[in-house]
Amino acid sequence: AMRAIAISFVWSFLAILMTSTPTASDKPALLAFKAQVSHGGSLASWNSSVGFCSWQGVVCSQRRPMRVVALTLDGTGLVGPLSPAIGNLTFLRMLNLRSNSFHGVIPASLGRLRRLRWLYLDTNSFSGTIPANLSACVRMIEMRLDNNTLGGPIPAELGEKLTSLEVITLRNNSFTGPIPTSLANLSHLHAVSLADNQLVGSIPPGLGSIQSMRYFGLFNNLLNGMLPPSIYNWSLLETFDVGQNMFSGSIPDDIGSKFPKLRYLGAGGNHFTGTIPSSISNMSSLVRLSLVQNNFSGYVPPMLGKLGTLQEVNLAVNKLEANDNKGWEFITSLANCSQLLRLSLNFNSFGGQLPGTIVNLSTTLQTLSLSSNMISGIIWLVWKHLG
Ligand SMILES: *[C@@H]1O[C@H](CO)[C@@H](O)[C@H](O)[C@H]1NC(C)=O
Ligand SMILES: *[C@@H]1O[C@H](CO)[C@@H](O)[C@H](O)[C@H]1NC(C)=O
Ligand SMILES: *[C@@H]1O[C@H](CO)[C@@H](O)[C@H](O)[C@H]1NC(C)=O
Ligand SMILES: *[C@@H]1O[C@H](CO)[C@@H](O)[C@H](O)[C@H]1NC(C)=O
Ligand SMILES: *[C@@H]1O[C@H](CO)[C@@H](O)[C@H](O)[C@H]1NC(C)=O
Ligand SMILES: *[C@@H]1O[C@H](CO)[C@@H](O)[C@H](O)[C@H]1NC(C)=O
Ligand SMILES: *[C@@H]1O[C@H](CO)[C@@H](O)[C@H](O)[C@H]1NC(C)=O
Ligand SMILES: *[C@@H]1O[C@H](CO)[C@@H](O)[C@H](O)[C@H]1NC(C)=O
Ligand SMILES: *[C@@H]1O[C@H](CO)[C@@H](O)[C@H](O)[C@H]1NC(C)=O
Ligand SMILES: *[C@@H]1O[C@H](CO)[C@@H](O)[C@H](O)[C@H]1NC(C)=O
Ligand SMILES: *[C@@H]1O[C@H](CO)[C@@H](O)[C@H](O)[C@H]1NC(C)=O
């Protein structure tokens with residue numbers, strides 16, 4: 001009997017506790033968020049005539065207590081700082097504020113959002129660093145911070161803690177320092193976009209173990225060294241862009257069998273040497289090939305035109321060669337590429353007579369650059385086209 005009384009006492013105590021504690025509401029945090037921004041009327045629905053779960057861009061959980069699970073206010077003309085009160089919306093799974101004019105820092109209080117999966121703050125004017133606190137958002141799947149003025153190093157903690165991360169895009173900021181080796185821990189990553197920053201050092205070889213990699217973009221940084229052989233494990237890769245850096249070394253002969261799904265290969269503006277491997281002709285999904293401004297030498301793969309979906313081939317500013325006996329076969333084969341838009345071969349060591357088959361290049365061709373070589377027959381080509 002004593003035990004039953006004790007239990008019922010506990011129950012009534014709990015009941016009192018549950019009814020007397022006011023249900024945590026997300027309303028004050030939303031109002032604090034609104035108070036910091038000018039919105040030009042886009043938050044007019046955020047008024048007391050309806051519950052906050054009906055406000056524009058606010059999505060609440062189905063079950064009580066009603067908590068905000070998504071805040072989607074992309075492209076709504078919001079201007080101002082992001083209130084740290086956002087960290088009070090602890091049920092938030094999606095925060096989408098992309099394409100607004102938020103400025104100031106990314107509040108460290110975002111680290112309190114343990115349920116956050118999708119963070120889209122891209123195309124704003126956020127400055128400062130990525131708060132290391134974001135590594136507390138351990139369920140994060142996508143983190144998109146492109147087109148801001150963020151700087152400092154990419155926190156290593158992200159790679160140590162955000163083990164569900166699939167997408168990280170930091171393009172067009174001012175990030176410095178190396179690509180953290182810890183990113184190699186993120187075995188679900190499929191998109192890494194770090195272009196247009198000031199990153200230094202080389203590609204951490206450990207990244208090669210990330211089998212899911214599909215998009216890898218490092219364009220326009222200050223990276224150097226050789227491409228680690230481990231990256232040729234990325235058999236699902238579709239975009240590989242390491243252009244405008246200081247990478248060196250050569251492309252392995254068997255690249256064609258390593259990246260069967262590659263659509264874009266960008267390696268221009270580096271210090272690569274060696275020949276363009278013939279196996280490239282086996283990358284049957286290739287649409288764009290840019291090797292401009294390197295020190296590639298030798299002949300262009302003769303069967304390049306096997307890649308029927310090619311649209312852009314930029315081999316300008318290298319040391320590629322051809323003569324009357326050898327090296328021009330690729331032009332004949334490119335007639336097979338019915339979607340070809342641009343072919344740039346200028347500033348190389350192509351010589352001899354331009355093959356007549358050049359007239360059979362697709363009528364879709366918009367740009368054909370041949371200048372600064374030692375080619376004869378160009379006059380004939382012009383005559384042929386005009387005549
Ligand atoms: C946010 O949470 C903190 C800590 O729980 C609290 O002190 C603060 O008043 C809250 N702010 C808002 C705007 O809800
Ligand atoms: C308050 O929001 C409702 C929609 O939720 C809107 O119809 C109404 O015009 C708003 N009131 C004001 C004063 O903006
Ligand atoms: C940083 O994250 C921790 C862990 O979630 C949290 O306790 C702390 O309040 C956060 N810092 C700030 C400034 O909100
Ligand atoms: C970044 O800005 C550029 C130029 O305004 C735009 O084309 C691009 O789509 C933006 N990127 C993202 C991820 O929004
Ligand atoms: C970089 O981001 C800024 C700010 O969002 C934008 O104005 C600019 O067009 C972007 N540049 C590129 C190359 O995307
Ligand atoms: C994550 O990466 C760091 C640095 O490479 C490493 O020291 C650490 O052991 C890794 N952690 C896990 C869980 O793999
Ligand atoms: C990836 O490539 C490296 C070097 O080419 C190799 O040693 C390694 O076994 C491969 N596999 C993984 C999962 O990294
Ligand atoms: C190509 O090689 C020459 C001679 O070795 C060197 O001077 C030049 O800087 C190199 N160009 C590139 C883009 O690496
Ligand atoms: C292209 O692939 C075929 C079939 O896998 C192979 O026999 C051939 O050697 C490859 N060509 C090159 C140049 O690697
Ligand atoms: C022409 O392109 C197709 C793909 O569109 C390819 O299968 C075929 O092998 C190519 N033919 C030649 C002769 O290169
Ligand atoms: C261009 O293609 C046509 C049709 O396939 C062919 O008859 C002609 O010989 C080709 N011209 C040259 C110069 O190869």
Side-chain angles (χ1 to χ4, degrees), residues 21-37 46 52 58 65-68 71 73-76 81-92 96-102 107-114 118-126 133 142-150 167-175 191-197 215 217 219-220 232 235 239 241 251-262 265 274-286 289 298-308 329-330 333:
T21 315
T23 315
S25 171
D26 282 336
K27 193 173 177 183
L30 290 172
L31 289 175
F33 167 88
K34 183 187 176 188
Q36 294 289 305
V37 294
W46 289 37
F52 65 87
V58 177
M66 306 280 264
R67 297 293 308 266
V68 178
L71 194 54
L73 293 167
D74 50 309
T76 49
L82 176 55
S83 168
I86 202 83
N88 286 18
L89 303 175
T90 52
F91 276 62
L92 210 56
N96 180 356
L97 302 177
R98 70 170 19 146
S99 300
N100 283 293
S101 298
F102 282 97
S109 61
L110 286 182
R112 298 178 55 206
L113 306 180
R114 302 304 176 84
W118 300 281
L119 177 64
Y120 303 149
L121 301 181
D122 49 283
T123 315
N124 278 287
S125 299
F126 283 110
N133 237 22
E142 292 190 21
M143 179 156 127
R144 298 186 183 267
L145 305 178
D146 323 55
N147 289 347
N148 282 290
T149 52
L150 297 163
V167 173
I168 179 167
T169 66
L170 307 179
R171 185 173 188 147
N172 185 19
N173 281 283
S174 296
F175 289 110
V192 175
S193 174
L194 307 178
D196 299 315
N197 282 290
Y215 183 106
F219 183 81
N220 192 24
Y232 300 106
S235 59
T239 297
D241 188 1
I251 303 180
D253 284 344
D254 58 353
I255 189 169
S257 59
K258 302 299 184 186
F259 297 151
K261 294 178 186 288
L262 204 64
L265 175 56
T275 57
I276 303 174
S278 295
S279 71
I280 276 195
S281 319
N282 269 352
M283 291 180 171
S284 56
S285 303
L286 207 63
L289 172 65
Y299 303 120
V300 177
M303 296 305 292
L304 199 57
K306 247 178 84 183
L307 307 174
E329 298 87 342
F330 73 96
S333 93

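Bear in mind the structure is a predicted one, so any value in this text is a computation, not a measurement. What's counted below: heavy atoms across the whole structure, side chains too, no hydrogens, waters or symmetry copies. When a ligand or atom number is given, it counts from 1 through the structure's own listing order.
Residues D146 and N172 have side chains that never bring a donor and an acceptor to within less than 3.5 angstrom of each other. Neither side chain, D122 nor N147, offers a donor N or O lying under 3.5 Å from an acceptor on the other. Side-chain atoms of R67 and T90 form a donor-acceptor pair, as typed in the model, at a separation below 3.5 Å.
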When you pair each N or O of ligand 4 with protein N or O atoms, which pairs come out under 3.5 Å?
| unit_1 | atom_1 | unit_2 | atom_2 | d |
| --- | --- | --- | --- | --- |
| ligand 4 | 2 (O) | N147 | OD1 | 3.4 |
| ligand 4 | 2 (O) | N147 | ND2 | 2.2 |
| ligand 4 | 11 (N) | N147 | ND2 | 2.9 |
| ligand 4 | 14 (O) | T123 | OG1 | 3.0 |

TODO: Given side chain to side chain contact (heavy atoms under 4.5 Å, CB included), test F126 with N173 step by step and report yes or no.
DONE: CA-CA 10 Å; F126 283 110; N173 281 283; over 6 Å; no

Open item on the list: Using the rule given for side chain to side chain contact (heavy atoms under 4.5 Å, CB included), can you reason through I251 versus I276, listing the C-alpha separation, both sets of side-chain angles and the distance that settles it, and then say yes or no?
Closed with: CA-CA 7 Å; I251 303 180; I276 303 174; 5.7 Å; no

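With a heavy-atom cut-off of 4.0 Å, A32 touches ligand 1 through its side chain alone.
For K258, the salt bridge (Lys or Arg N to Asp or Glu O under 4.0 Å) partners are D254, not counting sequence neighbours.
Within the model, atoms CG of N282 and CE of M303 stand 10.0 Å from one another, a figure rounded to the nearest 0.5 Å.
When only interatomic distances are considered, the shortest N/O to N/O separation between N282 and ligand 9 falls below 3.5 Å.
Less than 4.0 angstrom separates some heavy atom of S278 from each of these atoms of ligand 9: 13 (C). The P28 neighbourhood of ligand 1 comprises atoms 13 (C), 14 (O), with distances under 4.0 Å to a heavy atom of that residue.
Pairing each heavy atom of L145 with each of L150, the nearest pair is CB-CD1, 4.0 Å.
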